[in-house]
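Contents: one structure, followed by commentary.
Values reported hereafter were calculated over all heavy atoms of this structure, with side chains retained and with hydrogens, waters and symmetry mates removed. By convention in this document, chain letters (A, B, ...) are assigned in the order of the sequence lines, proteins followed by strands, and residues within each chain are numbered from 1.
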Number of protein chains: 2
Amino acid sequence: MNDTNNSRPRGRPRRFDPGQGVATAQHLFHARGYDAVGVAEITSALGINPPSFYAAFGSKAGLYARVLERYATTDAIPLEDLLRPDRPLAESLAAVLEEAARRYVARPPAAGCLVLEGIGCDDEEARRIAAAYHRAALDRIRHSIAAVHPDTAQRLTDFVSVTMAGLSAEARNGIGLDRLLETARVAGRAVARELAAAG
Amino acid sequence: MNDTNNSRPRGRPRRFDPGQGVATAQHLFHARGYDAVGVAEITSALGINPPSFYAAFGSKAGLYARVLERYATTDAIPLEDLLRPDRPLAESLAAVLEEAARRYVARPPAAGCLVLEGIGCDDEEARRIAAAYHRAALDRIRHSIAAVHPDTAQRLTDFVSVTMAGLSAEARNGIGLDRLLETARVAGRAVARELAAAG
DNA sequence: AATTATTTGTATCGTTCACTACAAAATACC
DNA sequence: GGTATTTTGTAGTGAACGATACAAATAATT
């Protein structure tokens, strides 16, 4: 086991907190996207020099992996809480869509979903990392639907996925919470109707 | 008036067709995005050197403007044809969404909507150009809805806009025509139901 | 033939990109 | 005190970016 050791390590002590660096980088990446934020801007924001950056995070994509890890546990949509098995499915999915609308504009200028926007960036490694989180989230949604309506799980998951991707894009286009929420509710009613029609 | 003159201009003749260059650049931009395609790659694809490129198009963004102009008349969704005033609105909007699904995967690897993807790129000038086409398209859709249901025009336009943005993103994620079409139809039914509910 | 106008190819420009070589600094261990 | 270990700051790497300076080339005009 890792000894939760209070004794300091051997060499020269760090002058910055990598965890805080991940948080700062999260805001930068979320506000402007992976490609648009350079290492120079990050090191400047953290008050460190490039060697400290690479010693701590390995690479820009390595930092991005830690940023997404943090994002998944702090700002991403809490699917486990919203998709309870005892809850009516239509209600759960509507809650997911509304929560997306809220979170995508909750912390301006960090609009949209960090994962969904990361999928489309121009760096291959960053795309792979983001795509893994995307796949996991869709699997989670599809699993919840399939438990009740296995035959329409794929179709409804695709619709929810498209809606969330669209909400993220529109949030980044500056659309406000009220209009995003209206759209999420239209989509939520659509899900309910499809579920009812599927019997 | 411009004389449609057959006589050649004064200086050294061009060795390439700018119109063909716009077409080639359209495929490159559509397949990989504005940011990911460099001027060097374009000039290489056209078999020309940078000075010829800049003499013909002014700048990378200038070429992009001509690309979008071409795209709007050749590959974009023909809103004027689909949103006929004599057609039932629900049918028109469903047709727009289905047509989006089809076109967004019609010419791989040029997936998604060139305009919608351009809006999110990292170049300010290119974003502005793409956003103008986006605004025009949404105005056109909103106008058609408002003619019949002025009070729900904004809400439905937002829903259609989110759906199209999501379809474009998912098309770029590799989702195939069948699943995009299913999603488009779910969204189309949602539009019909909202229109019916609005009386 | 001389002049004017335009495009061409060659060879860059300066900037920004992610990333690193290297030695001094700062700590714990012996 | 001396050594080992780690991080630091300085100063850069090579590559890619969008965009150009410049003169030779090629045409119409005079």
> In whole angstrom, what separates B:Asp35's CG from C:dT16's P?
Replying inline: 16 Å

>> Rounded to whole Å, how long is the line connecting atom CG of B:Asn49 with atom P of C:dT7?
In response: 14 Å

> Do NZ/NE/NH1/NH2 and the carboxylate oxygens of B:Arg103 and B:Asp75 come within less than 4.0 Å?
Replying inline: no

> A:Arg14 CZ to C:dA26 P: how many Å, rounded?
Replying inline: 17 Å

> Between atom NZ in B:Lys60 and atom C1' in D:dA16, what is the gap in whole Å?
Replying inline: 12 Å

>> Assuming nearest nucleotide by heavy-atom distance, tell me which of A:Arg10 and A:Pro51 is located more 5' along DNA chain D.
In response: A:Arg10

> Picking from D:dA25, D:dT7, C:dG9, which would you name as closest to the side chain of B:Arg15?
Replying inline: C:dG9

> How do A:Pro50 and A:Pro9 order along DNA chain C: which one's closest nucleotide is nearer the 5' end?
Replying inline: A:Pro50

>> Please verify the inter-ring angle class for B:Phe29 with B:Tyr64; under 30° counts as parallel, over 60° as perpendicular, anything in between as tilted.
In response: perpendicular

> Charged N to carboxylate O below 4.0 Å: is that the case for A:Arg142 and A:Asp139?
Replying inline: yes

> Do we see a donor-acceptor contact under 3.5 Å between the side chains of A:Arg179 and A:Thr183?
Replying inline: no

>> Please compare A:Ser52 and B:Pro13 by the position of their nearest nucleotide in DNA chain D and report the one closer to 5'.
In response: A:Ser52

> CZ of B:Phe57 versus P of D:dG18: gap in Å, rounded?
Replying inline: 15 Å

> D:dG18, C:dA25, C:dT7: which one has an atom nearest the side-chain heavy atoms of A:Arg12?
Replying inline: C:dA25

> For the pair made of CZ in A:Phe53 and C1' in C:dT20, what is the distance, rounded to whole Å?
Replying inline: 13 Å

>> I need the CD1-C1' distance between B:Ile48 and C:dT10, as an integer number of Å.
In response: 15 Å

> Rounded to the nearest Å, what distance is computed from the OH atom of residue B:Tyr54 to the P atom of nucleotide C:dC13?
Replying inline: 16 Å

